[in-house]
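In what follows, every chain begins at residue 1, and chains take the letters A, B, ... in the order their sequences are listed.
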Number of protein chains: 2
Amino acid sequence: MHNLKSIVQRLEARKYRITPARLAVVTAVLERSGHFSVDDIVGRVPGVGRATVFRTMKLLSEMGMLCRVLLEDGSLSYRVSRHQGHHHHLVCVSCASVQELDACIASDMLGDLARSTGFQIEGHWLEFFGRCAACRNSVA
Amino acid sequence: MHNLKSIVQRLEARKYRITPARLAVVTAVLERSGHFSVDDIVGRVPGVGRATVFRTMKLLSEMGMLCRVLLEDGSLSYRVSRHQGHHHHLVCVSCASVQELDACIASDMLGDLARSTGFQIEGHWLEFFGRCAACRNSVA
DNA sequence: GCGCTAATTGAGACTTAGTATCAGTACTCT
DNA sequence: AGAGTACTGATACTAAGTCTCAATTAGCGC
Ligand SMILES: [Mn+2]
Ligand SMILES: [Mn+2]
Ligand SMILES: [Zn+2]
Ligand SMILES: [Zn+2]
């Protein structure tokens, strides 16, 4: 989906400079599968400062190239995003693979919820945890 | 819903000792409205160590007296729980009030989701953010 | 190619949330 | 009273993330 070239183009389109640090972070991120922490990436881009990795990953998140994945324990992890825009995840608790859901399956209930609670609903978090098909079979 | 007496009874029922530190934490927690952080409580129970406040709030969470509320930015906060067991929240981003939903409105979709993704779904997070009726009116 | 300047960087200090260690205190039980 | 266990608070530590600031540099105009 995303590759180095397309991400560089997007950065250029937004007038961000293409620096060695940014290239290193983008490359490291694209090489990951499943979800990962910022410090995972820090460990894979020697010479690039931790603050820069945080800054770059924040930038990529804001641009929709990375998304934050909420884990079962409430901690946040990151992954390369397939869908830009609002979406949700199914995270395998065994292999850390992540499946993105393309439709927001919470949007249906928003109207009812607003009506029954009086809240004006502006956002939500929705993430699922479980075992992916591969992991389910591998244990028998 | 919960008061000091009922919480003390529950602690006693589970063979936990009723100590001054625990009483102080429980009292401080019951005095809060909306959601709060552990360190909010630390600041309100002078003389009680931070580790003890963490331990006590964890204990209260495990017993269903407190629940963790996921905020918009992905951070966790706490609140006195009305419902024990699995449930979700609507958090007012303006006044921090929290409304608990008594039914899990995600459970309906679990079957479909398992079927369409091959995942065996074991858990989920679902939290809503918005403006409560009071806050909506107060700004005009 | 060269210079200018705003954008970017990395070191490091700092914050917030939470865990681990451990010696000392205080119950509980007999 | 003595033994054993639960609990406590100080303190050190980890992880995630922000802030500051002086030094560097990418990319633009010439
Ligand atoms: Mn995603
Ligand atoms: Mn709750
Ligand atoms: Zn959604
Ligand atoms: Zn639910």
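- Put simply, the residue from A/Met63, A/Glu12, A/Arg22, A/Met65 that forms a side-chain contact (heavy atoms from CB on, under 4.5 Å) with A/Ile7 is A/Met65.
- A donor-acceptor pair under 3.5 Å links the side-chain atoms of B/His88 to the main chain of B/Leu126, judged by distance alone.
- Distance check, rounded to the nearest 0.5 Å: CG of B/Leu76 to CG of B/Leu71 gives 7.5 Å.
- Ring orientation note: the planes of B/His86 and B/His124 are nearly perpendicular, at an angle over 60° on the 30°/60° scale.
- Nucleotide D/dA16 holds its P atom 14 Å from the CG atom of A/Leu70, rounded to whole Å.
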Enumerate the protein-to-nucleotides 18-22 of chain C contacts in which both atoms are nitrogen or oxygen and the separation is below 3.5 Å.
| from | atom 1 | to | atom 2 | distance (Å) |
| --- | --- | --- | --- | --- |
| C/dG18 | OP1 | B/Tyr78 | OH | 3.0 |
| C/dG18 | N7 | B/Arg50 | NH2 | 2.4 |
| C/dG18 | O6 | B/Arg50 | NH2 | 2.8 |

Between the protein and nucleotides 24-28 of chain D, list every N/O to N/O distance that falls short of 3.5 Å.
| from | atom 1 | to | atom 2 | distance (Å) |
| --- | --- | --- | --- | --- |
| D/dA26 | N3 | A/Arg17 | NH1 | 3.1 |
| D/dG27 | OP1 | A/Ile18 | N | 2.8 |

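- Distance CE (A/Met57) to C1' (C/dT9): 18 Å, rounded to an integer number of Å.
- A distance-only check finds a donor-acceptor pair linking the side chain of A/Asn137 to the backbone of A/Ala133 [under 3.5 Å].
- Rounded to a whole Å, the CG atom of B/Asp73 is 13 Å from the C1' atom of D/dT18.
- The one candidate from A/His89, A/Gln84, A/His83 that meets the side-chain hydrogen bond (donor to acceptor under 3.5 Å, both in side chains) condition with A/His87 is A/His89.
- A straight line from CG of B/Leu11 to C1' of D/dA6 spans 14 Å, rounded to a whole angstrom.
- Side-chain contact, B/Ser37 with B/Asp39: no donor N or O sits under 3.5 Å from an acceptor N or O.
- A salt bridge does not link B/Asp102 with B/Arg82: none of the charged nitrogens is closer than 4.0 Å to a carboxylate oxygen.
- For B/Leu71 and D/dA16, the CG to P distance is 19 Å, given to the nearest whole Å.
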